Amino acid sequence: MTTTQLSPQYDPSTIERAIYQRWLDLGVFAPPADGDREPYVIVIPPPNVTAVLHMGHGLNNTIQDVLIRLERMRGRAVLWLPGTDHAGIATQNVVERLIASEGKRRQDLGRDAFVERVWAYVGETGGRILDQLKAIGASCDWSRTRFTLDDEYSDAVLEVFVRLYHEGLIYRGHRVIHWCPRCLTALSDEEAEFRERDESLYYIRYPIVRGGGTHAADEHVVVATTRPETMFGDVALVFHPDDARYRRHRGGRVRIPLTAVEIGIDVSPAVERDFGTGMLKVTPAHDANDFDIAAVLDPKGERPVILTEDARMADVERVPADLRGLERDGARTYLVERLRAEQLLEKAEPYRHAVRHCYRCDTVVEPRLSDQWFVRMAPLAAPALEAYRRGRLRFVPERWGKVYEQWLTQIRDWNISRQLWWGHRIPAWFCEADGCDHLTVQRDAPAGCQACGGRVRQETDVLDTWFSSWLWPFATMGWPRPTADLRRFYPGHTLVTAPEILFFWVARMVMAGYHFMHQAPFETVFLHGTVRDTQHRKMSKSAGNGIDPLEVVDRYGADALRYTVVAGSAIGTDVIMDPNDLESTFAAGRNFANKLWNVGRFIVTNLDAPTTPADGLDPAQFELADRWILSRCQRAITDTTDALDRFRLNDAAAAGYHFVWDDLADWYVEQVKPRLYGTVPGGEVARAILSHVFGTALRLLHPIMPFVTEELWSHLPGAGAEPLATTAWPVPQTDFLDEEAEDRFGRVQALVGAVRAVRAEYRVPPSRAVTARVQPANTAALEAFNAEQRTIERLAKIGKLAMDGGGGGGGAHAVLPDGSSVFVPLGDAIDVRQECARLAAEIERVERQLAAVDAKLRNDQFTNRAPAEVVERERQKAGTWREQCETLADKRRALGC
RNA sequence: GGGCGAAUAGCUCAGGGGUUGAGAGCGCCUGCCUUACAAGCAGGAAGUCGGGGGUUCGAAUCCCUCUUCGCCCACCA
């Protein structure tokens, strides 16, 4: 490779694409065919097929790629399996919106045409996100890309359904579920998210029906409810059996307000006496608890459904005619007014409570009685729970384990049927023959009913998206067929995801893994934080606070994005980014990539030929700085490796950063220049060591910043044809650890720093060299000087360093870390008279400012009227300036002005 | 209602198994286009480590408590 065309500024846009292509061409991402290497497997959390890359994906996939690249360099057979999720509701919604713009509803097209339309849409735009992942450097094995609706994958989904059904773990249930009246489908508990809402608690009078055991003096019973519009579905009122207030009403009857419907008054221990009036209306078809209460009260009784699927008041006898067809919110408003008018509303008080919302469209979910398919979860949860408790499944950070455990402990059955068209259609066939209610459940359509041979019709519902995702770790590898991939790559190792889908996905994958593969699908679950803006709001496109990763890649490069994301994610914490200031958000990463580029440029241009390997050199030829950088390099290796192994990716990033910038660029490169330029001998050793430590740095940083490191590697003489991506991860060479060298070079740094401080303080021009005198007591500093005379002279711009000497004349002391000092006489380096004058002028200026502020602070008008923080700021200013005056006066004294 | 987490420099955050002068990046101030890099170099200012209490020779760190923020779970309608 030529070494002459590296531009002074790193321009990622010119190299990233080519590098990625090279990795693809070389087949770097596919696990090696030879089966004797230990595998390392991560399955990607499949993004929604319609998704567009956002910062959350950026974070999630960068982390996975870092782990993947590390293990690949360690020589394991690495598989990072990519793919997408069909995302039932989300995708169907997208396409429904699309055809809505053509004035059509999905019903207009019909099921088959609609599903075809979705496929067309997915074919066009689907999977775009996978290409976007390439832009951030994701090293997935694209040849194994999967989609949850692929034929093979679908076979697995249906197989699982059939097996679980026949094992009695899937059943059909008639109960109150969460229903989204906008998406027109049932939802699981997890898909119906609680959100606080400010509503009202209405106290409604139910008129008492005379006769029975009812006390004649009472006219009505008051019930508190947040949902008055559901009262037409009431079947009873209940109070707590121990509630003396209502004892006389037991067995009595009331009329549902505005109707002629009579219902009884009964008791139920489920009633909370202190809530509302202690009297509860039982609406079994529109409230899960009420359904349970009614099941005890009257197992065979009616469960009137009084809301339509799209949440309008139903056209049924129980609902007053003037309310029928009204949408639920309008119905409530109207109803409340009518109740008020008829003196049937005692009061309405403001009430804040948590209401479930559809996680896809945010519509308030309607509890609704219907027939759905459920998975019996307790038996599946048991092994998943045990795996965690026995330490076979580990969470990072650990605390999520408790959350996982708690959820599994109180797990409820999973509603898996969705009234959608986009998804895996449930492989169940109902018999249409009279009197036969047999269900045929099998993978392929039966010729007829298994029981009576009659005609059958297939269930129209599809399965919950998560019912396919939970099989991801093995269905992607060909299950239920006994494939080679399954043998080799199951179980996997690390799962990297956000805590938000711990229940949706992670826990269920563990359950499926145990049930169908008898092993957990991974051993470690690494849960990273959420990307948020500076106000800690979750980033999202709809909230307008998102950052487009592709824009970042475009402007600053993938490595800048990756570095920033990794450096910003300490374990268990969220990643905060400022969408309004991409420049400073990604500055650290961009600057570092540029730094790396420039050190590389310097090193590469000074290495015209392959160098001797560092461990082939004669240590007798090493200078102090050589021993020092080799030792620092060892520490960088162990620190980085250790950090990565503990999932402390931010520490790994910091270790590489500081080694490259603080040690290599700031000190070693500067120290070594005379040798490289031939002004002093030893160039060969310097080159060899430069090459060694820089090559090591590139390897250490490669998982985090793959592009810039790969590019520089290709320019490093002697690096060979092998891409950096598959070179071996550095192993520490303990021979190179050298505490003595670190200690001694530390003194050199201190000495140089001390002199530089004096130079800066007194504005010694770069062209002028100074003299410095080390206080005689400080033998350590003298030793450092003796050992590294050339370095210190060069870096501190010392012309002469005296080893004895007191502190007479005009000059300044700089204190060394051990408490002793360096004295720099400044008479020969600056015009003392001029500096004295400058200092005097500055003191005068500061004093003037100080006087002004002091006067201000003495002025009561100001101190009383100005905002406290303004006054405080002024006070601080005064303090700072007062100190500054002291400092300047000290300087004048030092110079003997 | 229960549980969890966070509060450290102007901003975004590390650290914290008790013991030396509390760190980084960005920002800020001063001086520098020093032949790798101005996306840079050198130097510098800046924090009573949220309030209060306790344990200790010693606490930013451990314990208690309060305040404020965030998250998760939850069938008081």
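Small disclaimer: the values here were computed from a predicted structure and weren't measured. Just so it is clear: chains get the letters A, B, ... in the order the sequence lines come, proteins before strands, and each one is counted from 1.
When the side-chain nitrogen and oxygen atoms of A/R532 are compared with OP1 and OP2 of B/rU12, none of them lie within a distance under 4.0 Å. Between A/T573 and B/rA14 there is a side-chain polar atom (N or O) within less than 4.0 angstrom of OP1 or OP2.
Using a 4.0 Å heavy-atom distance criterion, A/F291 is classed as making no nucleic acid contact. The residue A/R356 sits close only to the backbone: its heavy atoms come under 4.0 Å of sugar-phosphate atoms, none of a base. In this structure, A/A224 reaches the bases: a heavy-atom distance under 4.0 Å links it to at least one base atom across the strands shown. If you check every strand for non-hydrogen atoms under 4.0 Å, A/R273 touches nothing. Residue A/A354 is classed as a base contact, given a heavy-atom separation below 4.0 Å to a base. The residue A/Y203 sits apart from the nucleic acid: no heavy atom pair falls under 4.0 Å.
Cation-pi geometry between A/R747 and A/W667 is not met: the NZ or CZ atom fails to fall both under 6.0 Å from the ring centre and inside 45° of the normal.
Identified under the salt bridge (charged side-chain N to carboxylate O under 4.0 Å, His left out) test for residues 587-600 of chain A, with sequence neighbours left out: A/E583-A/R590. Sequence neighbours left out, the pairs with a member in residues 274-288 of chain A that pass salt bridge (charged side-chain N to carboxylate O under 4.0 Å, His left out) are A/D234-A/K281. Within the structure, ring pair (Phe, Tyr, Trp, His ring centres under 6.0 Å) contacts touching residues 746-770 of chain A (residues at least two apart or in different chains) do not occur.
Between the side chains of A/Y10 and A/E711, no donor-acceptor pair is found at a separation under 3.5 Å. Side-chain N/O atoms of A/H178 and A/D189 include a donor and acceptor closer than 3.5 Å.
Separation of the P atoms belonging to B/rU20 and B/rU61 is 14 Å when rounded to the nearest angstrom. Comparing B/rC11 with B/rC32, their C1' atoms are spaced 27 Å from each other, to the whole Å. The gap from the C1' atom of B/rU68 to that of B/rG23 amounts to 26 Å, rounded to the nearest Å. Look at the C1' atom in both B/rG3 and B/rU12: the space between them is 28 Å, to the nearest Å. Spacing of C1' atoms, B/rU55 relative to B/rC75, comes out at 45 Å, to the nearest Å. For the C1' atom pair drawn from B/rU19 and B/rA46, the interatomic distance equals 26 Å after rounding to whole Å.
B/rC71 atom P lies 11 Å from atom CZ of A/R195, rounded to whole Å. The separation between A/E196 atom CD and B/rC73 atom C1' is 13 Å, rounded to whole Å. Per the geometry, CG belonging to A/L408 stands 18 Å off P belonging to B/rC72, to the nearest Å. Distance, A/N289 CG to B/rC76 C1': 9 Å, rounded to whole Å. The CD atom of A/Q410 sits 16 Å away from the P atom of B/rC72 (whole-angstrom rounding). Rounded to a whole Å, the OH atom of A/Y762 is 15 Å from the C1' atom of B/rG31. In this structure, A/R227 atom CZ and B/rA77 atom P are separated by 12 Å, rounded to whole Å.
For A/E398, the CD atom counts as loosely surrounded, since its 6.0 Å shell holds 12 or fewer non-hydrogen atoms of other residues, nucleotides or ligands.
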Base versus backbone protein contacts along nucleotides 34-45 of chain B [heavy-atom cut-off under 4.0 Å; B, S, -]: --BB-BSSSS--
Go along nucleotides 1-8 of chain B 5' to 3' and tag each nucleotide: B for a protein heavy atom under 4.0 Å from its base, S when only backbone or sugar atoms are that close, - otherwise. ---SS---
Once Watson-Crick and G-U wobble pairs under 3.5 Å are found, how is RNA chain B written in dot-bracket notation, 5' to 3', with | for any base paired to another strand? (((((((..((((.........)))).(((((.......))))).....(((((.......))))))))))))....
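Looking at residues two or more places apart in sequence or on another chain, you find no side-chain hydrogen bond (donor to acceptor under 3.5 Å, both in side chains) involving A/Y246. Taking A/D831 as the reference, nothing meets the side-chain hydrogen bond (donor to acceptor under 3.5 Å, both in side chains) condition, with sequence neighbours excluded. Residues forming a side-chain hydrogen bond (donor to acceptor under 3.5 Å, both in side chains) with A/R794 (at least two apart in sequence, or on another chain): A/E670. Residues passing the side chain to side chain contact (heavy atoms under 4.5 Å, CB included) test with A/Y351 are A/L201, A/T226, A/F275, A/H353, sequence neighbours excluded. When the side-chain hydrogen bond (donor to acceptor under 3.5 Å, both in side chains) test is applied to A/Y668, the partners found at least two apart in sequence or on another chain are A/D626.
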Table please: side-chain donor-acceptor pairs of residues 573-581 of chain A below 3.5 Å, with sequence neighbours left out.
from	atom 1	to	atom 2	distance (Å)
A/T573	OG1	A/A570	N	3.4
A/T573	OG1	A/A570	O	2.8
A/D574	OD1	A/T530	N	2.8
A/D574	OD2	A/R532	NE	2.6
A/D578	OD1	A/N580	N	2.9
A/D581	OD1	A/S584	N	3.1
A/D581	OD1	A/S584	OG	3.1
A/D581	OD2	A/S584	OG	2.3

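Here the nucleotide nearest the side chain of A/V403, chosen from B/rA77, B/rG31, B/rC72, is B/rC72. Counting only heavy atoms from C-beta on, A/T225 has its side chain closest to B/rA77 among B/rC75, B/rA77, B/rA14. Set against B/rU30, B/rC76, B/rA74, the side chain of A/F275 has B/rC76 as its closest nucleotide.
Sequence order on RNA chain B of the closest nucleotides to A/W400 and A/N650 puts A/N650 first from the 5' end.
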